Amino acid sequence: MKETQPPAPESSEKWEVQLRKGSLELAILAALWEGRLYGLEILRHLEGNSDLIVSEGTAYPLLNRLRTLGLVETEWVESDSGHPRKYYQLTAAGRQRAIEMSRIWARFSASMGGLLTPLNAEVSEELRKEEP
Amino acid sequence: MTLSTVSQKTIDDYLAALRKQLRELLDEDAKDIVDEIRTHILDKTSGDDSADTIAATLAALGAPEELASRYRTEALLKRAQMARTPAFILRSSIRWAALSLAGVVVFAVSVVGFTLGGGLVLIAALKVVWPSGTGLWKTVNADSTWSLGLGFSNHPGTGQDLLGWWLLPLGLLLGSGILFLTFRFGLWSIRRFWRPRAWR
């Protein structure tokens with residue numbers, strides 16, 4: 001089970017991978033905004049609501065880090081499935097961090113959007129072609 | 001839901017390998033991680049525990065060594081981020097001192113080290129501002145005994161300055177050396193002996 005080779009440095013896939021990695025923390029905090037979830041629920045939430053492809057092997061260690069940073073807290077809860085599950089829940093610090101990060105995100109994406117305006121025509125043309 | 005013996009063994013082997021790779025972590029933390037990964041595998045394979053599904057689930061998690069190394073990296077990053085300043089070392093060792101004797105020792109050494117090192121650097125700096133008043137003073141008393149005093153004197157005339165301008169490089173060097181060693185010592189003891197659980 002070898003890890004897949006990272007794409008060549010010059011490729012835009014590599015850039016996309018970095019972009020996803022960088023946003024994962026915020027995406028997880030946002031997923032927990034409405035209430036507690038266990039690991040697999042978080043993964044499914046991310047897959048269902050975005051095209052953030054998250055590997056389990058990345059998400060669980062990251063969740064563990066968010067816990068040691070005090071942004072989330074965990075609790076084992078009994079379930080109908082026969083085994084207890086580890087639930088994650090935002091702490092006050094986590095809620096605070098999520099708000100700060102979304103603010104930065106919104107500002108960043110607005111200024112990036114402005115910079116990318118000249119490319120709009122081209123890109124929407126390409127997107128239209130891609131759609132079935 | 002009952003897994004076939006073979007499937008159960010595949011999963012058990014994976015979890016045992018993961019547990020072994022996580023041995024650097026606290027038992028409690030490692031167990032928590034392994035338990036969580038176990039429930040993840042059970043959830044993913046409930047309803048379909050074919051060998052293929054199990055293999056796919058384990059593949060998505062990555063090899064035990066890989067997964068464990070991600071956990072370890074996250075833990076190390078966290079500790080490195082936290083421990084970067086003398087203020088951090090003092091603050092943590094105060095809290096640590098409340099918990100154990102080792103903490104008291106580390107706190108005491110840090111306070112003495114930072115004060116001594118900081119003092120030496122300060123005296124070297126004073127030498128620049130007030131060259132004639134700052135020095136390593138040898139004072140001969142009336143009964144012909146003598147005493148040494150380092151630092152700032154209001155009566156430069158009564159003693160003999162043993163170092164002169166040498167005070168500047170020596171003070172800086174010795175002072176920053178002591179500061180650095182104290183810092184490294186504090187960092188090292190916190191990383192080495194303070195169990196991560198105590199952070200919270």
Side-chain angles (χ1 to χ4, degrees), chain A residues 1-6 17 20-22 24-25 28 32 36-48 52-89 91-94 97, chain B residues 1-3 10-11 13-15 17-18 21-22 25-26 28-47 49 54-82 195-200:
Chain A
M1 275 181 269
K2 279 217 109 173
E3 200 169 12
T4 47
Q5 284 291 313
V17 168
R20 286 177 196 283
K21 257 191 206 157
L24 189 53
E25 194 174 320
I28 289 178
L32 292 171
R36 67 178 190 191
L37 297 173
Y38 60 91
L40 190 54
E41 279 182 326
I42 297 175
L43 285 160
R44 288 185 176 143
H45 179 92
L46 295 182
E47 277 162 19
L52 274 175
I53 302 155
V54 188
S55 96
E56 281 91 336
T58 311
Y60 281 104
L62 180 57
L63 281 168
N64 191 55
R65 184 165 80 98
L66 295 178
R67 186 183 62 100
T68 51
L69 287 172
L71 300 178
V72 299
E73 55 197 4
T74 61
E75 190 188 0
W76 284 91
V77 179
E78 289 297 334
S79 76
D80 303 336
S81 68
H83 51 256
R85 292 186 178 121
K86 188 170 158 188
Y87 276 83
Y88 293 83
Q89 179 169 305
T91 61
R97 174 70 67 88
Chain B
M1 173 203 60
T2 332
L3 291 172
T10 313
I11 296 173
D13 287 351
Y14 182 91
L15 293 171
L18 179 64
Q21 293 287 329
L22 290 172
L25 272 65
L26 278 182
E28 202 185 338
D29 290 339
K31 188 181 173 300
D32 198 60
I33 289 170
V34 173
D35 285 345
E36 180 175 35
I37 298 298
R38 176 183 293 115
T39 61
H40 171 83
I41 298 171
L42 290 178
D43 281 338
K44 285 286 260 194
T45 55
S46 78
D49 60 351
I54 291 176
T57 303
L58 298 185
L61 286 167
E65 307 80 59
E66 247 172 59
L67 183 58
S69 89
R70 292 212 186 97
Y71 275 108
R72 283 198 307 261
T73 313
E74 298 286 6
L76 280 179
L77 274 180
K78 148 86 174 153
R79 276 195 258 174
Q81 276 168 357
M82 290 191 74
R195 307 192 127 213
R197 277 275 157 192
W199 296 113
R200 276 161 271 145

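Because only heavy atoms are used, hydrogens play no part in the values below, and waters and symmetry mates are left out as well, while side chains stay in. The structure presented is a predicted model; accordingly, all values stated were derived computationally and were not measured. Below, chains carry the letters A, B, ... as their sequence lines are ordered, and counting in each starts from 1.
In A/R97, the CZ atom is not crowded: 12 or fewer heavy atoms of neighbouring residues, nucleotides or ligands sit closer than 6.0 Å.
With chain A as the partner, the residue from B/D43, B/L67, B/I37 showing the most heavy-atom pairs under 4.5 Å is B/D43.
In this structure, CG on A/L40 lies 8.5 Å from OG1 on B/T39, to the nearest 0.5 angstrom. Here NZ of B/K44 is found 4.5 Å from CD of A/E56. Values are rounded to the nearest 0.5 Å. The distance from the CG atom of B/D29 to the OG1 atom of A/T68 is 9.0 Å, given to the nearest 0.5 Å.
In terms of heavy atoms, A/P61 sits closest to B/R70 at CG-CB, 3.6 Å.
Screening residues 58-80 of chain A for ring-ring contact (aromatic ring centres under 6.0 Å, His included), with sequence neighbours left out, gives A/Y60-B/H40.
Remark: A/K86 does not engage B/D35 in a salt bridge, criterion side-chain N to carboxylate O under 4.0 Å.
Contacts of A/K21 classified as side chain to side chain donor-acceptor pair (under 3.5 Å), with partners at least two apart in sequence or in another chain: none.
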